[in-house]
Amino acid sequence: MEAPRIPRPWPLGPRGVLLAGLVSAAVGAHLYLGLSWADLVPRGTGAQVCGDFFAAALRPAWTYEADFVPPGSAPFLLRLGEALLRTIVFASVGMTLALGMAVPLGFLASDAWWEDTRGGEDSRTGRGRLVQGLVRAVMAGMRSIHELLWALLFLAAFGLNTFSAVAALALPFGGTLAKVFAELIDETGGESSAALRAAGGGGLALFLFGRLPGALADMASYAFYRFECAIRSSAILGFFGYPTLGYYLHRSFENLHYREVWTYLYALALLVLALEAWSAALRRRFVA
Amino acid sequence: MNPEQRRREVQRLHRSRPRSALLRWSGIALGALALFSLVSGEVAFSEARDPRRWSNLRRFLSEEALPRALAEPGAGWIDGWNWGARLWRERGAEALGATLSISLVAMGMAALLGSFLALASARSLMRPDPLIQGEPQSAGWWPRVGRAVRWLCTLLRAIPEYVWAFLLLSMWGATAWPAIVALALHNAGILGRLGAETIEDTPPRELRALRMLGANRRGLAVFGLWPGALTRYALFVFYRFETCVREATVLGLLGISSLGYWVQDARARQHYDDMLLFIGLGALLVLGADVASLLLRRWVRRAG
């Protein structure tokens with residue numbers, strides 16, 4: 001039964017309080033940073049860069065902008081294609097490793113795992129709780145450090161190599177995926193697993209066939225969305241010297257080749273758009 | 001049921017399972033992509049077996065990562081504490097405040113901009129006559145504006161914050177603005193899309209009644225659609241806030257004064273102990289924002 005509605009004691013409801021709080025926090029933060037809106041108008045060389053850069057937006061480059069191209073370098077569009085391919089390759093290796101970590105971690109972090117494999121409601125032993133807590137702590141540590149900071153750590157500890165790049169992607173993505181997997185698994189009702197248990201099922205099979213199928217579509221859909229994020233992160237890793245899109249974008253911008261920069265930006269946007277359309281088609285069919 | 005019948009029944013059920021070519025081919029394509037990526041040689045897995053790298057890692061963990069203050073002869077725990085406290089007083093506290101402030105201002109701007117983008121790209125509103133069915137709905141200017149705004153949203157969210165900040169930095173110099181505007185643009189693109197989807201999912205009956213009573217497009221948007229979508233929109237805003245804090249930390253690597261600035265600074269001096277301290281501080285901030293966003297979302301959901 002729904003509780004009777006109590007008249008609001010205040011001119012603002014809880015939602016209003018929250019919005020007012022958000023606005024005042026933003027204004028407070030604005031004052032704390034001492035921001036001046038006048039700084040938003042670019043001046044001097046900044047104005048020059050701004051004008052040139054946005055003027056180039058409608059004329060993306062199809063060939064190198066430089067007057068002199070070292071002999072033997074690949075045509076611009078081929079380089080673009082290579083950069084895109086490497087961006088995708090780094091992202092998919094990172095995602096493969098991340099999924100490899102997220103599946104076991106996500107299982108162990110969910111309550112459903114402990115219920116199903118140990119038989120019955122809340123039959124977790126002290127050790128089970130300890131393992132679950134440890135797994136959750138490891139996941140929190142993995143995802144609380146941004147992939148670029150992981151990349152810096154790996155650069156410092158392991159040197160500049162492509163394995164460091166994919167490991168830096170895999171750790172935070174694995175932690176995030178594991179957290180969401182655990183939540184999705186726990187959100188599926190326990191009805192079918194309870195029915196299977198009543199029919200004599202138990203252990204791992206109960207979890208895999210009674211619990212997991214209910215969450216699988218959502219898990220796949222979320223993993224696909226994270227793949228899209230991995231593409232963006234993989235592109236940015238180029239700023240640290242890895243041969244993905246960001247590397248070439250950075251270099252073109254430093255050389256003032258703004259039309260090339262726009263080509264890279266549009267290519268990244270198209271790639272993300274294509275992935276979005278693909279994942280939307282999959283979601284329409286399987287989740288809704 | 002004898003075993004033979006049972007086997008047949010299982011086979012029949014297996015044959016009649018729902019199947020989809022799209023799912024099958026998507027699975028095959030993604031599997032092939034993963035396999036190709038693993039064997040393409042672009043990622044040198046052999047590096048992970050290089051003994052030089054491992055001795056590098058050992059040195060990093062056993063020497064460079066430990067606070068310098070502890071390495072001096074006769075140093076005790078109190079020296080380690082003093083080292084940490086000094087860094088916190090001199091840089092950490094201020095950088096933490098700046099990181100949080102940047103994400104708060106950015107979130108406010110993104111929420112505002114995103115709500116305009118959401119209304120201007122919602123298919124149910126951007127039609128010749130909103131919410132009335134049966135009319136030709138793709139003619140006129142409104143659908144074109146809607147389509148253009150949807151494209152804008154895609155471009156905004158497809159370009160990562162880090163790239164936006166990098167580009168804007170050269171125009172505005174090293175104030176906090178490039179970070180704020182970069183975060184605001186990217187998140188406004190995401191919130192615009194999520195908000196538009198929420199508006200499109202709003203059940204149209206009450207709104208139709210308003211429309212029949214003569215409410216115009218603006219009236220419908222401001223008094224009909226937006227209040228109804230606001231709760232879910234607020235949920236999305238708080239969900240993005242968490243990510244925003246994470247990204248604000250990192251944008252400092254470009255030279256904007258957030259935590260990332262001191263990470264980069266320590267790295268340039270090869271003071272890896274300081275670097276780890278600032279990274280740890282960032283991790284704590286992210287976990288704090290995670291919890292705050294969870295509590296706020298729970299409150300919004302309860303408040304309706």
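By convention in this document, chain letters (A, B, ...) are assigned in the order of the sequence lines, proteins followed by strands, and residues within each chain are numbered from 1. All values below come from the heavy atoms of this structure, side chains included, with hydrogens, waters and symmetry mates left out.
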If we define contacts as heavy-atom pairs under 4.5 Å, which of B:G282, B:G97, B:G173 has the most with chain A?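 Looking at each of B:G282, B:G97, B:G173 in turn, B:G97 comes out on top.
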Hey, which of B:S170, B:G280, B:S40 has the most heavy atom pairs under 4.5 Å with chain A?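 Heavy-atom pair counts peak at B:S170.
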Which portion of [X] sits near chain B, non-hydrogen atoms under 4.5 angstrom:
| X | result |
| --- | --- |
| A:S164 | neither |
| A:F240 | side chain |
| A:L265 | both |
| A:F224 | side chain |
| A:R86 | side chain |
| A:I236 | side chain |
| A:F154 | neither |
| A:Y32 | side chain |
| A:E228 | neither |
| A:V272 | side chain |
| A:Y264 | neither |
| A:E254 | side chain |
| A:W37 | both |
| A:V27 | neither |

So, are B:D290 and A:R143 salt-bridged, with charged N and O less than 4.0 Å apart?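 Here B:D290 pairs with A:R143 in a salt bridge, since their nearest N and O are under 4.0 Å apart.
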Carboxylate-amine/guanidinium proximity below 4.0 Å for B:E197 and B:R232: no
Does atom OH of A:Y247 have more than 12 heavy-atom neighbours from other groups under 6.0 Å away?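 Not buried by this count: 12 neighbours or fewer within 6.0 Å.
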Residue among [options] with most heavy-atom pairs under 4.5 Å to chain B:
| options | result |
| --- | --- |
| A:G28, A:A47, A:G21, A:A29 | A:A29 |
| A:L155, A:T162, A:L148 | A:T162 |
| A:A26, A:A25, A:A156, A:A269 | A:A156 |
| A:V49, A:N161, A:T96 | A:N161 |
| A:A165, A:S36, A:A140, A:C229 | A:S36 |

Sequence neighbours left out, what pairs pass ring-ring contact (aromatic ring centres under 6.0 Å, His included) with at least one residue falling in residues 81-101 of chain A?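 Found none.
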At a 4.5 Å cut-off on heavy atoms, which part of [X] comes close to chain A: side chain, backbone, both, or neither?
| X | value |
| --- | --- |
| B:R157 | both |
| B:R267 | side chain |
| B:L167 | both |
| B:M107 | neither |

Validate the cation-pi geometry between A:R226 and A:F173: distance from NZ or CZ to the six-membered ring centre under 6.0 Å, angle to the ring axis within 45°. yes
